[in-house]
Structure formats: structure tokens, C-alpha cells
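As a basis for the values below, the full set of heavy atoms in this structure was taken, side chains included, without hydrogen atoms, waters or symmetry mates. What you are looking at is a predicted structure, and each value in this text was computed from that prediction instead of being measured. Both ligands and their constituent atoms are indexed starting at 1 by order of listing.
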Amino acid sequence: MSAQARSLLNAARPSLRRSAFASARFSSTSSKPTSLKERLAELIPKEIENVKAVRAAHGKKAFGPVLVDQLYGGMRGLPALIWDGSVLDAEEGIRFRGKTIPECQALLPKAPGGTEPLPEALFWLLLTGEVPTPEQVAELSRDWAARAALPEFVEEILDRCPPTLHPMSQFSLAVTALNHNSAFAKAYQDGISKKEYWGPTFEDSMDLIAKLPNIAGRIYRNVFGKGKLPAIDASKDYSWNLANLLGFSESEGFVELLRLYITIHSDHEGGNVSAHTGKLVGSALSDPFLAYGAALNGLAGPLHGLANQEVLIWLRKMQSTIGEDATDEAVREYVWSTLKGGQVVPGYGHAVLRKTDPRYTAQREFALKHLPDNKLFKLVGQIYNIVPDVLLEAGKAKNPWPNVDAHSGVLLTHYGMDQMQFYTVLFGVSRAFGVAAQLIWDRALGAPLERPKSYSTVAIDKMFKDKA
Ligand SMILES: CC(=O)SCCNC(=O)CCNC(=O)[C@H](O)C(C)(C)COP(=O)(O)OP(=O)(O)OC[C@H]1O[C@@H](n2cnc3c(N)ncnc32)[C@H](O)[C@@H]1OP(=O)(O)O
Ligand SMILES: O=C([O-])CC(=O)C(=O)O
């Protein structure tokens, strides 16, 4: 480890001590660190130099003109953010640190007997750009298990929520309340130097991810009357524990589904509503709990993460209106009636993608393997053959193909989780991985406060009239 990396790690050491597990594993002589924090401390000085070099070489180069339509059009295509964990190609879909979903499925370590990647491995990849060893992944599983307990007052907040309060609102409340014990907020009050921001941000991010299964499990059990939460099992991986807290760990299929689900929902570059919100709020040096609480509020919108709930509601309504084994013609008419009612077809279309989402494909492949005869899965397949043509004929949507949300609910329902209001909570557990990884890098690289320029319509009109 370089002297610079060691000094960075030493600067972060007070917060590192907060986790007995992390400090026990800390080794200054190891050539291949098993601790993620140690590996990160090695990478940060190099990346600071890399960013300096990229800015020196390209800092004054333009991407092209900004059109007034982009200001009115939700900033589509506007190059505006740095996001290192993943990049989205309109045709090909997402790559996590350069790796496609099938590549991640092939390369990332798996649970004994499992075939889907462990989300712990994906987090290591997002943060470091490296495929971790099974030992590094096992260490992360144990670290998260050791950090998983919730403060009692957060449990009480959840227990006091009326079951009629949407699970996403409860989720956001609980995550925001974790700010009470934020290492970053405390360090800032104590006068931490800018150069050391990443250390407590790392600790908060690890705590955030580690505590999400207990939050999600508590919400699920409270809202749907499923009894008391079991304890975390430190010998098991993150997804097994989440499944156990939800009451589904008996089903190996469900546990594998969660591993796949958390992996593929984790990150979708920086411009989507939840990721961008997390980054924006974090740029004010709000701690990771406040930043991610805000991100969850964006994820809870029906055009974004809530679409997975909306898809299931739409499918169920379709079944009750036209029957379970409806003809293609009846399904087509139902899709048209949705459009004619001024509603969107949930699970279809995308702000960036222009082809079928590879996350949809990964879930379809999972279904073909584990639930080929499921009726709802068959309906999802039938809809795939109908909706794109209808959307193309309607002539508005730029992308008629399905996104990730068109498929996820059907898989969860198959294993008995048919409470669709809960689905976006699982999306929120996963998206924390991508947002947290970027928050850590933003603080390590000294990312500034976000503050783009806005214009009024009067100002735009005047600007161009004056130029005419
Ligand atoms: C994890 C995720 O966030 S993935 C997205 C989840 N959301 C959904 O599945 C909801 C359904 N889809 C949509 O509403 C949209 O496709 C979005 C929000 C995802 C993307 O929106 P945009 O980038 O604005 O899409 P696009 O440029 O194609 O929109 C052009 C028009 O087509 C419409 N359109 C786009 N997709 C659909 C759809 N699935 N059903 C009906 N109309 C649609 C838009 O509402 C818009 O109509 P308008 O001109 O009357 O405002
Ligand atoms: O990229 C987007 O805008 C929406 C999306 O699919 C995601 O955030 O997963």
C-alpha cells in the first residue's frame, strides 16, 4: 500500500473503529486486501490523479450544443453528470464497470450451490471496478451482517406507522431517521478535513446497505401481518438474510431470485431520478442516509421504481376484465383502452433505452428456468408480443420495448409475495448499492455542490429575440 493510501486510511481510522469487524480484518501487510475499505484506500490516490489528467486533457472540450428543447424536455441526452459505477447504452443496456449483466452472472462469485451473482460482489465491482475473490465477498457478507441491527427508535418509528402508509413512505422515513447516528454528520460537526470525507461516508454507506434488510423486513411484516422478525444469521449472505427477514428463506428459488434482483436493479448510470437525487442531495454534504432517503422518494414515483407495482396492478385488472386466458385480440384491445384512457402502459418505454431492457431479458431467462408454466409469466410473454406494436402504432413513445419493471413483479408473485405495494421497497434495497458507491467516490474525489443554471421562459424568449 502506498504512503498516500496509508495516510488516507489512517485519516479514516476513527470511523473504521466503529466496526469491530472491519478493524479486526484490517491488515497493513496483506498483498490482497480482504477489506473493501483497505482496497478503496489504495485506489483513491490513483483515481484523484486520473481525474486530474482527464480534466487537464479534455476539460475545455465541448459535447455539443444545448438545445432549448432539452431544458423543456426533462434534460434528455444532456451530458451533465459524472457516474463511475455504470454506463447505459441505448441499444445494449447497462454495463456495470464495463460488464454486461450476462458477464456479471458469469464472473461474480456465487453462493455455494447458487447460480446467480452475490450482490456483495456487485457492490465490490461498482466501488472498485474489480471482480472480487470469494473471500472478499464472504468478508463483506459478514461485515454487513455485523452492521445490520437498527437503532431501537427506528424500529419504533416503523412500528408506529399505520399499515395504510405506503411501504415506500415508511422506507424513506426509516432511512432518513438513520441520519441520527451518521458518522459523516458527526465528523463534519467535529471539523473533519475535506480530504477525509470519504472515510465516514464509506462507514455510513456500509451501515445504510447493511440495515436495509431489517427495515424492509420490518415494513413487510408490520404491513402484511407476518409476525416477528427473525435474527440476522452472520454465516449467511445478504440476500439469504433479506429473504429470511421477509419469511421466504425456505425457498432456494426465492433466495436466488433476490440475488439476481438486487444485482440487476442496483445501478443504471447517474441520470435516473433516484440516482441523480442521491447524488444531488449528497453534493450539499447531506450524509448518505439523508441523500438516500431523498433518492427513495424519487424511486417511489410511478414513472420510475413504482412502475413494478403498477405493472402487477395493471395485469391483475386486465385478468379481471378480460379473463385469465384472453386472446391476443382481447389483450390488444385492453392495451388500447389503457392508452385511450390517457394512461401509460406500465413497464414499457424508457427515457434512454431503445431496445428491450437486458434486465427484462435476465428476468425472463430466470422465469424460463424456474417457472416456465406460471400463468402470469405466460401473460407477460403474450403482452411482449402485443404492446410494442400498439405503442408504435399509437406513435408517441420513443421506445416501445419493455423495461425492468415489466417482469419483476411476476417473479415475486410466483414465490408467494403478491403484495405489490411492497415491490418498490426491494428495488430501493438494491438501488442503495449504486447510489452509495457513487456517494463514496464523490466525497473521495471532492465533487462540488451541484448547482446548474435555470432560465425562465421570459428569459429564453428575450435571449433569442435579442440575438435575432
Ligand atoms: C426503473 C425505471 O424507472 S424504468 C421506467 C419505469 N416506468 C414505466 O414503465 C412507466 C411507463 N413508461 C413511461 O411512462 C415512459 O416510457 C418513461 C417515463 C419511462 C420515459 O418517458 P419519456 O422519456 O418521456 O418517454 P418518451 O420520450 O418516449 O415519451 C414520449 C410520449 O410517449 C408517451 N409514452 C412513453 N412511454 C409510454 C408508455 N409506456 N405508455 C404510454 N405512453 C408512453 C409519453 O408519456 C409521452 O407522451 P406525451 O408526449 O403525451 O407526454
Ligand atoms: O434509467 C432510468 O431512467 C430508469 C431506470 O431504468 C432505472 O433507474 O433503473
Side-chain angles (χ1 to χ4, degrees), residues 69-70 72-78 80-81 83 85-90 92-96 101 122 126 168 261-279 292 295-315 334-363 380 383-384 386-409 420 423-435 438:
D69 266 348
Q70 287 179 293
Y72 285 101
M75 298 182 278
R76 289 298 178 285
L78 191 77
L81 299 165
W83 194 270
S86 64
V87 174
L88 182 62
D89 179 85
E92 181 195 54
I94 198 68
R95 276 179 185 261
F96 303 115
I101 289 173
L122 197 268
L126 288 176
M168 282 303 283
Y261 185 104
I262 298 173
T263 298
I264 65 175
H265 285 78
S266 61
D267 208 28
H268 218 233
E269 74 171 29
N272 68 75
V273 170
S274 49
H276 184 196
T277 304
K279 183 180 173 77
Y292 198 61
L296 284 174
N297 290 339
L299 194 69
L303 295 188
H304 189 23
L306 203 77
N308 56 14
Q309 160 186 318
E310 297 301 296
V311 167
L312 244 279
I313 293 174
W314 185 72
L315 290 178
Y334 190 84
V335 176
W336 271 113
S337 73
T338 302
L339 293 178
K340 285 179 185 154
Q343 292 154 31
V344 296
V345 178
Y348 279 76
H350 199 273
V352 179
L353 283 168
R354 294 296 176 258
K355 288 270 165 69
T356 295
D357 190 336
R359 299 172 297 179
Y360 176 95
T361 309
Q363 294 182 99
V380 165
I383 286 168
Y384 183 84
I386 294 169
V387 168
D389 284 346
V390 174
L391 284 176
L392 282 174
E393 202 182 323
K396 278 218 242 165
K398 293 192 187 66
N399 173 33
W401 301 106
N403 59 58
V404 66
D405 293 322
H407 217 306
S408 48
M420 39 275 223
Y423 291 170
T424 311
V425 172
L426 293 178
F427 196 156
V429 171
S430 168
R431 187 48 56 93
F433 286 50
V435 174
Q438 190 59 40

Taking salt bridge (Lys or Arg N to Asp or Glu O under 4.0 Å) as the test, write out the residues that go with Asp357, two or more places apart. Arg359
Heavy-atom contacts with ligand 2 below 4.0 Å: which residues, ordered by chain and residue number?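 Contacting ligand 2 under 4.0 Å are His268, Asn272, His304, His350, Arg359, Phe427, Arg431.
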Does any N or O in the side chain of [X] come within less than 3.5 Å of the main-chain N or O of [Y], such that one atom is a donor and the other an acceptor?
| X | Y | result |
| --- | --- | --- |
| Glu269 | Leu88 | yes |
| Arg76 | Val352 | no |
| Ser86 | Phe96 | no |
| Tyr423 | Glu310 | no |
| Ser430 | Ile262 | yes |

Below 4.0 Å from any atom of ligand 1, which residues have a heavy atom? Give them in chain and number order, please. Arg76, Leu303, His304, Ala307, Leu339, Val344, Val345, Pro346, Gly347, Tyr348, Gly349, His350, Ala351, Leu391, Lys396, Ala397, Lys398, Asn403, Val404, Asp405, Phe427
Which pairs with one or both residues in residues 338-352 pass side-chain hydrogen bond (donor to acceptor under 3.5 Å, both in side chains), sequence neighbours excluded?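 For residues 338-352, and leaving out neighbouring residues, the side-chain hydrogen bond (donor to acceptor under 3.5 Å, both in side chains) pairs sorted by first residue read Trp314-Thr338.
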Hey, mind stepping through Leu299 and Thr424 against side chain to side chain contact (heavy atoms under 4.5 Å, CB included) and telling me if it holds? CA-CA 8 Å; Leu299 194 69; Thr424 311; 4.0 Å; yes
Heavy-atom check, side chain of Val345 versus side chain of Val335, under 4.5 Å: yes
